2 protein chains.
Amino acid sequence: MATPSMEDYLERIYKLIDEKGYARVSDIAEGLEVHPSSVTKMIQKLDKDNYLIYEKYRGLMLTPKGKKMGKRLVERHQLLENFLTIIGVQEDNIYKDVEGIEHHLSWDSITCIETLVEYFRRDPGRTDELLNVRKELEADN
Amino acid sequence: MATPSMEDYLERIYKLIDEKGYARVSDIAEGLEVHPSSVTKMIQKLDKDNYLIYEKYRGLMLTPKGKKMGKRLVERHQLLENFLTIIGVQEDNIYKDVEGIEHHLSWDSITCIETLVEYFRRDPGRTDELLNVRKELEADN
DNA sequence: GGGGAAATAAAGCAATGGCTACGCCTAGCA
DNA sequence: TGCTAGGCGTAGCCATTGCTTTATTTCCCC
């Protein structure tokens, strides 16, 4: 099983490859705000766990396993951002909260949240009603 | 700011006091599945941070700050369980997921989730509709 | 072929939390 | 009142997770 940090790296790597076609150590380091040496170490771990194939100084390639996981991680992150946005969490809190919880939810929960987001997407009136509940609760104080 | 583990202890302590009137080291240890010595250490930390007043061998008392926080933590835990239940997460996953995320959500997010839970509570038809969305999504695969 | 940017290796540190071993209190029984 | 068992406390240690620092290596391009 991947640790939270491994997931962060994998997510970042997937995104970089998706956007630029490759993932360099320095780009990964910059994105995650860590030093390059930390990246090298983690890449070696990800290689050992077969998420990617790593060749020193040459670069890396995601394995099918790594691609699949990376994709899920990126989608999961996006989903959670959408979810928090929909229910009315302030922009400033969203990023940190997603960072905090994304590694701790079962795929079962993720699926259910997906459903929930789809539920609100299908009928915007539902979001309005949610907002009404909010206003009422706020009025009660 | 309290660390995740501090929150777990505080939550447990609050619950014990609420239910039995007092919180003994051994009860806390049992509840959290740790050794008593770990409990003593953490209690000292919680005392230092003014969540409780601790007298060796005598027991402990939550301060107003500790009571307030403990209450919030217990309620937060319950809320998250309710939330996951409502959206259809399997029982077996709920406890671990709540354990995982409870320490990583801003109070803003908690409030929004509270609203969401209230939204579904007010009209059970909404839960039915959510279930319908789920069935449709499942059918699509 | 040499210089500099990028990458890697090795060692170490810091935070968090837990455990073991042992010694100390104190309630409750005799 | 005094003893003792069980609960509690202290000190020191360990593991994990990640990150940094420093020093070295490699690659690429002029």
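Everything numeric in this text was worked out from a predicted model, so none of it was measured. Within every chain, numbering begins at 1; the chains are lettered A, B, ... in the order of the sequence lines, protein sequences first and strands thereafter.
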### Task
Tell me which residues in residues 6-23 of chain A put a heavy atom below 4.0 Å from DNA chain D, sorted by number, or none.
A:Tyr9

### Task
Starting at atom NE2 of B:His35, determine the distance to atom P of C:dC22, rounded to an integer number of angstrom.
16 Å

### Task
Specify the separation, in whole Å, of atom CE of A:Met42 and atom C1' of C:dA7.
17 Å

### Query
Is there a donor-acceptor contact under 3.5 Å from the side chain of B:Thr115 to the main chain of A:Arg134?
no

#### Entry: Contact check, side chains of B:Lys45 and B:Tyr51, non-hydrogen atoms, under 4.5 Å
no

### Query
5' to 3' on DNA chain D, which nucleotides open and close the contacts with chain A (atom under 4.0 Å from a heavy atom)?
D:dG18 to D:dC27

#### Entry: B:Thr40 and B:Gln44, any side-chain heavy atoms less than 4.5 Å apart
yes

#### Entry: Donor-acceptor under 3.5 Å (B:Ser109 side chain, B:Leu105 main chain)
no

### Task
Mind running a 4.0 Å heavy-atom check of residues 50-59 of chain B against DNA chain D and sending the residues that fall below it, in number order?
B:Tyr54, B:Lys56, B:Tyr57

### Message
Using a heavy-atom cut-off of 4.0 Å across all strands, would you classify A:Ser38 as base, sugar-phosphate, or nothing?
### Response
base

### Summary
Residue pairs passing the salt bridge (Lys or Arg N to Asp or Glu O under 4.0 Å) test with at least one member in residues 48-58 of chain B, sequence neighbours excluded, are none

### Task
Would you mind reading off the distance between B:Leu46 atom CG and C:dG17 atom C1', rounded to a whole angstrom?
13 Å

Identify all pairs in which a protein N or O lies below 3.5 Å from an N or O of nucleotides 10-13 of chain C, and state each distance.
unit_1	atom_1	unit_2	atom_2	d
C:dA11	N6	A:Lys41	NZ	3.3
C:dG12	O6	A:Lys41	NZ	3.4

#### Entry: Gap between atoms CD1 and P, on A:Ile28 and C:dA7 respectively (whole Å)
9 Å

In residues 75-86 of chain A, what donor-acceptor pairs under 3.5 Å come from side-chain atoms, sequence neighbours left out?
unit_1	atom_1	unit_2	atom_2	d
A:Glu75	OE2	A:Lys71	NZ	3.2
A:Arg76	NE	A:Glu102	O	3.1
A:Arg76	NH1	A:Glu102	O	2.9
A:Arg76	NH2	A:Glu7	OE1	2.7
A:Arg76	NH2	A:Glu102	O	3.1
A:His77	ND1	A:Glu11	OE2	3.1
A:His77	ND1	A:Glu102	OE1	2.8
A:His77	NE2	A:Glu81	OE2	3.1
A:Gln78	NE2	A:Asn82	OD1	3.1
A:Thr85	OG1	A:Glu81	O	2.7

### Query
Using 30° and 60° as the class limits, which term best fits the ring planes of A:Phe120 and B:Tyr119: parallel, tilted or perpendicular?
tilted

### Query
Distance-only, no hydrogens or angles: does the B:Asp47 side chain make a donor-acceptor pair with backbone N or O of B:Tyr54 under 3.5 Å?
yes

### Task
Ignoring backbone atoms, establish whether B:Thr3 has a side-chain N or O less than 4.0 Å from OP1 or OP2 of C:dG17.
yes

### Query
Hey, does the side chain of A:Asp97 reach the backbone of B:Ser106 with a donor-acceptor pair shorter than 3.5 angstrom?
yes

### A:Ser38 side chain vs A:Val34 backbone, donor-acceptor pair below 3.5 Å
no

### Task
Taking only Lys NZ, Arg NE, NH1 and NH2, and the carboxylate oxygens of Asp or Glu, determine whether A:Glu129 and B:Arg122 approach each other closer than 4.0 Å.
no

